Amino acid sequence: MKKVRQLRKHFDTSIKVGDKVKLRDGYGLSVKDKDDMYVVIICSYHTLTGSLQPLKDLTATVIEVGLEDTVSITDHSAYIQDIIIDINGCKFRTPSEFVYNVETF
């Protein structure tokens with residue numbers, strides 16, 4: 001039986017290029033240009049970010065917004081990865097609904 005997932009299109013238009021954000025959820029997060037690499041926010045990736053801290057504890061800078069060309073599929077849903085963030089030189093795609101602005105939180 002084919003599994004059907006609903007495409008979630010939730011763009012947080014308050015997130016802008018240059019904003020400092022942190023990850024609030026790990027679903028839908030992927031390393032830009034490495035679609036086969038699975039990462040979760042509660043783990044650290046020293047080789048990617050140069051830090052031993054979990055991704056959720058690191059501050060990222062938003063470098064692109066308004067994207068609609070990449071979808072991340074989980075067991076239950078599909079999310080449009082509408083922003084690209086930079087964490088210590090490593091670029092990640094994620095849905096904007098899964099980050100929060102540290103300057104306004």
Side-chain angles (χ1 to χ4, degrees):
M1 175 185 268
K2 188 175 183 179
K3 195 177 231 183
V4 177
R5 294 171 185 89
Q6 180 177 354
L7 180 61
R8 294 186 51 162
K9 268 182 108 170
H10 172 81
F11 302 131
D12 184 342
T13 56
S14 70
I15 302 293
K16 306 287 186 209
V17 171
D19 283 354
K20 301 297 183 193
V21 297
K22 286 196 175 186
L23 296 161
R24 81 168 83 238
D25 201 337
Y27 297 112
L29 179 69
S30 65
V31 179
K32 186 180 180 305
D33 301 327
K34 294 185 181 183
D35 296 330
D36 59 338
M37 185 171 190
Y38 180 73
V39 296
V40 292
I41 69 169
I42 59 171
C43 296
S44 64
Y45 299 91
H46 181 264
T47 57
L48 293 175
T49 65
S51 174
L52 295 175
Q53 290 184 299
L55 291 178
K56 70 180 185 69
D57 294 338
L58 298 172
T59 300
T61 302
V62 178
I63 57 173
E64 276 188 66
V65 298
L67 305 172
E68 294 190 48
D69 61 337
T70 304
V71 174
S72 174
I73 298 173
T74 67
D75 285 342
H76 306 289
S77 297
Y79 301 90
I80 293 181
Q81 296 177 321
D82 63 306
I83 66 172
I84 296 177
I85 59 174
D86 181 290
I87 300 176
N88 295 343
C90 185
K91 293 171 181 53
F92 296 90
R93 294 186 72 115
T94 189
S96 58
E97 69 179 299
F98 293 162
V99 302
Y100 64 93
N101 192 320
V102 296
E103 296 160 346
T104 60
F105 187 70

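From a predicted model like this one, the values you see are computed outputs, not experimental measurements.
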Please step through side chain to side chain contact (heavy atoms under 4.5 Å, CB included) for the pair Phe92 and Leu55, ending with a clear verdict.
CA-CA 11 Å; Phe92 296 90; Leu55 291 178; 4.0 Å; yes
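- A donor-acceptor pair under 3.5 Å is absent between the side-chain atoms of Ser44 and the main chain of His46, judged by distance alone.
- When atom types are taken as modelled, the side chain of Arg24 and the backbone of Phe98 share no donor-acceptor pair closer than 3.5 angstrom.
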Apply side chain to side chain contact (heavy atoms under 4.5 Å, CB included) to the pair Phe11 and Leu67, showing each step before the final yes or no.
CA-CA 9 Å; Phe11 302 131; Leu67 305 172; over 6 Å; no
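- The structure places CD1 of Ile85 at 9.5 Å from CG of Leu58, a figure rounded to the nearest 0.5 Å.
- The minimum heavy-atom distance between Ile41 and Pro54, with the atom names listed, is O-CB, 3.6 Å.
- Taking CD1 from Ile83 and OG from Ser96, the interatomic distance works out to 5.5 Å, rounded to the nearest 0.5 Å.
- The side-chain contact (heavy atoms from CB on, under 4.5 Å) with Thr94 is formed by just one residue from the set Asp82, Leu29, Ile84; it is Leu29.
- The structure places CG of Asn101 at 4.5 Å from CG of Asp19, a figure rounded to the nearest 0.5 Å.
- Every residue was checked against the side-chain hydrogen bond (donor to acceptor under 3.5 Å, both in side chains) condition with Lys16, not counting sequence neighbours, and none meets it.
- In this structure, OH on Tyr100 lies 11.0 Å from CD1 on Ile15, to the nearest 0.5 angstrom.
- The salt bridge (charged side-chain N to carboxylate O under 4.0 Å, His left out) test applied to Asp86 returns Lys91, not counting sequence neighbours.
- Placement of Ile63 and Val21 in two distinct hydrophobic clusters is found when ILVMFWY residues are connected by side-chain heavy-atom separations under 4.5 Å, directly or transitively.
- Listed by first and then second residue, the side chain to side chain donor-acceptor pair (under 3.5 Å) pairs that reach into residues 56-69 are Lys9-Glu68, Lys20-Thr61, Asp69-Arg93, sequence neighbours excluded.
- In terms of the side-chain hydrogen bond (donor to acceptor under 3.5 Å, both in side chains) criterion, Thr13 has no residue partners (sequence neighbours excluded).
- Leu52 belongs to no hydrophobic cluster with other residues, because no ILVMFWY side-chain heavy atom falls under 4.5 Å from its own, directly or through intermediates.
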